There are 2 protein chains.
Amino acid sequence: MTPRSPRADSARNREALLIAGAEALRRDIDAPLEDIAAAAGLSRRAVYGHFPSREALVDAVIARGAERIAAAVGPLNEEPPLEALARLGARLWDAVVDVHAVARMALTSGRTSTVAYAMNPIRRRLRALLSQAAEGGLVRTDIPVTTIAALVERAAIDVLEVADASEPGCSRRLAMTHPLCAAGVGAVEAARIADLVDQTEAAA
Amino acid sequence: MTPRSPRADSARNREALLIAGAEALRRDIDAPLEDIAAAAGLSRRAVYGHFPSREALVDAVIARGAERIAAAVGPLNEEPPLEALARLGARLWDAVVDVHAVARMALTSGRTSTVAYAMNPIRRRLRALLSQAAEGGLVRTDIPVTTIAALVERAAIDVLEVADASEPGCSRRLAMTHPLCAAGVGAVEAARIADLVDQTEAAA
DNA sequence: GAGAACTTGCACACACGCGTGCAAGTTCTT
DNA sequence: AAGAACTTGCACGCGTGTGTGCAAGTTCTC
C-alpha cells in the first residue's frame, strides 16, 4: 500500500537541479529553465518530473537558501552590538555560496512569501543591533536607524558581489568590516572589532 | 535638395520617448516597448519612426544619462581627496534622476560600449582620488584600492536605491557621507567633510 | 489649403520560453 | 530478470514581445 520511496538517482538529480538553479539564478534571475536543466545534466522535460513549474523550482532554491541563512545566523551569543554585527557578517559569509541569490532577491525584487519570511528574523536582529549601537553612539547618528539598516544590508550584498573580483583571501574579513564601515564605524575601529571576533571564533 | 528639418512635434515625441524610457527602464530594464511608448503617449508602432529598434532606444536613453553624468562631474577643482570624493557624490546626486538607470546598468549588467565609455572617466577619477587618499592614510589600507573603489561605487548606487524609501531630505547628504564611510572614513569625520563641501558649494 | 511629415491600427512572421502528452528509451530496485 | 521509476525527444498550444508592411488617418509647415 505504501508507495515505494523515490529512486536514489532521482534524489541526486533533484539535488543537482537545486544546485544548478542556485548558480544560474544567481547570475540571472530570469535564466531559462533549459539552461538550468542543462547545467544539472538533465533535459528541460525532466525538470517537470521534480517540480510542477519553473516557479516551484525557483521557490525551492530560494527556500533552501533561506534555510541556510537561518542556520548560519543561528544562536548569536550575548556581546556588544558591533561585535555581534561583525560576527553576523562572518557567519553569513560562510554560507555565501548558497545564500547569495537569496540575499539579493530579498533586497532587490519584492519576492513573495518565502524569502521575506526567512529573512525577517535577520532583519529584525540587525535592526536591534543597530539601534542598540546607535544609543551608545557607536554608529552614525545623523540618519535614522532604518536608513542605516538598509545601507548595511546592501553593504553586505556588495561584499558578496565584489568578492569574486578581488582575491578571496580578504573577502571574509570584508564581510565583517565593510558593513561596519557602512554603519559609520571607522576603518581602524572596524578592523579592531574584526580581530576580536576572529579570535573568539578561533577559540570555538 | 536639402531635406526639410524634422517636424517640431516629432522632436517632442522623441524627447518624450527618451524620458519615458529612462523612467520605465529604471524600474525594469526589460520593460516592454509597448509600455514605454504608452508612457510617452505614443503607440508602439510610432517608436519605430524614431528608433530602428528597441535596443537603439535603450542605447539612446543610456547615452543621454551618461552624458549628464559626465556633465555633472565636470570640472572638479583641486582639493583634498576626501573633499573631492564627497563633492563627487553630491554632484552625482544632483543628476540622480537621469543618472539612476545608467549608473546601475554600468555596474550590474556588463552593458556594452556606451556606458562603459562614459563612466570610465569617473571611474578613473575615483580610482585616483582613492589611491591618493590611501597614501595619506585617510581611508582604509587593509584592502587593495581596487576593492575600495568597487565598494565605493556600489555604495553610491546603494544611496540612490535607498533614497526613495527614507525621506529625501538627508539623501543628498548621504550621497556625500555614505561613500566616504564605505571607504573607511569614520562617520563624524565624514560629516565634517560633508559640511566643508556644503559650505563651499553654497559659496559658489 | 496643399502637401509633406508623422501617427495609428491592423496584419503578419518570427523568436523565445513555459507547460503538457506520449512513445521509446535507460537505469535503478527487488 | 522483471517491473517500476525515471529520463529523453519530439510534438504541440499558449502567451508575450519584437520588427515590418500598408492603408487610413491626423497634424504640422509652407
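Numbered from 1 within each chain, the chains take letters A, B, ... in sequence-line order. Note that the structure is predicted; figures quoted are calculated from it, not measured.
- Using a 4.0 Å cut-off between charged nitrogen and carboxylate oxygen, B:Asp35 and B:Arg27 do not count as a salt-bridge pair.
- Residues passing the salt bridge (charged side-chain N to carboxylate O under 4.0 Å, His left out) test with A:Glu135, sequence neighbours excluded: none.
- Rounded to whole Å, atom P of C:dG17 lies 10 Å from atom CG of A:Asp28.
- Within the structure, every side-chain polar atom (N or O) of A:Asn13 is placed at least 4.0 Å from both OP1 and OP2 of D:dC6.
- For B:Ser10 and C:dC6, the shortest distance from a side-chain N or O to OP1 or OP2 is below 4.0 Å.
- Evaluation of the salt bridge (charged side-chain N to carboxylate O under 4.0 Å, His left out) rule for A:Glu34 yields no partner, not counting sequence neighbours.
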What pairs of nitrogen or oxygen atoms, one from the protein and one from nucleotides 14-22 of chain D, lie under 3.5 Å apart?
{"residue": "D:dT18", "atom": "OP1", "partner": "B:Leu33", "partner atom": "N", "Å": "2.8"}
{"residue": "D:dT18", "atom": "OP2", "partner": "B:Leu33", "partner atom": "N", "Å": "3.3"}
{"residue": "D:dG19", "atom": "OP2", "partner": "B:Tyr48", "partner atom": "OH", "Å": "2.8"}
{"residue": "D:dG19", "atom": "OP2", "partner": "B:Arg54", "partner atom": "N", "Å": "2.8"}
{"residue": "D:dG19", "atom": "N7", "partner": "B:Arg44", "partner atom": "NH1", "Å": "3.0"}
{"residue": "D:dG19", "atom": "O6", "partner": "B:Arg44", "partner atom": "NH2", "Å": "3.0"}
{"residue": "D:dG21", "atom": "N7", "partner": "B:Arg45", "partner atom": "NH2", "Å": "3.1"}
{"residue": "D:dG21", "atom": "O6", "partner": "B:Arg45", "partner atom": "NE", "Å": "2.8"}

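- Distances shown here put a side-chain N or O of A:His50 below 4.0 Å from the OP1 or OP2 atom of D:dT7.
- Checking D:dC6, C:dT29, C:dC6 against every side-chain atom of A:Ala8, the shortest atom distance belongs to C:dT29.
- Partners of A:Ala40 according to the side chain to side chain contact (heavy atoms under 4.5 Å, CB included) rule, which considers only residues two or more places apart in sequence or in another chain, are A:Ala16, A:Leu17, A:Ala20.
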Query raised in the report: Just the dot-bracket of DNA chain C, please: which string comes out with Watson-Crick or G-U pairs under 3.5 Å, [ ] for crossing, | for another strand?
Result: ||||||.||||||||||||||||.||||||

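- Residues passing the side-chain hydrogen bond (donor to acceptor under 3.5 Å, both in side chains) test with A:Glu83: none are found, sequence neighbours excluded.
- Judged as a side chain to side chain contact (heavy atoms under 4.5 Å, CB included), and not counting sequence neighbours, the contacts of A:Thr146 are A:Arg127.
- A side chain to side chain contact (heavy atoms under 4.5 Å, CB included) with B:Leu85 is found for exactly one of B:Ile193, B:Leu129, B:Val185, namely B:Leu129.
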So which protein N/O to nucleotides 25-27 of chain D N/O distances come out below 3.5 Å?
{"residue": "D:dT27", "atom": "O2", "partner": "B:Arg7", "partner atom": "NH1", "Å": "3.0"}
{"residue": "D:dT27", "atom": "O2", "partner": "B:Arg7", "partner atom": "NH2", "Å": "3.4"}

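- With sequence neighbours left out, the side chain to side chain contact (heavy atoms under 4.5 Å, CB included) criterion links A:Ala133 to A:Pro81, A:Leu82, A:Leu138, A:Val139.
- Residues satisfying the side chain to side chain contact (heavy atoms under 4.5 Å, CB included) criterion with B:Ala191, sequence neighbours excluded, are B:Arg173.
- The salt bridge (charged side-chain N to carboxylate O under 4.0 Å, His left out) check on A:Asp142 picks up A:Arg140, with sequence neighbours excluded.
- Residues passing the salt bridge (charged side-chain N to carboxylate O under 4.0 Å, His left out) test with A:Arg7, sequence neighbours excluded: A:Asp9.
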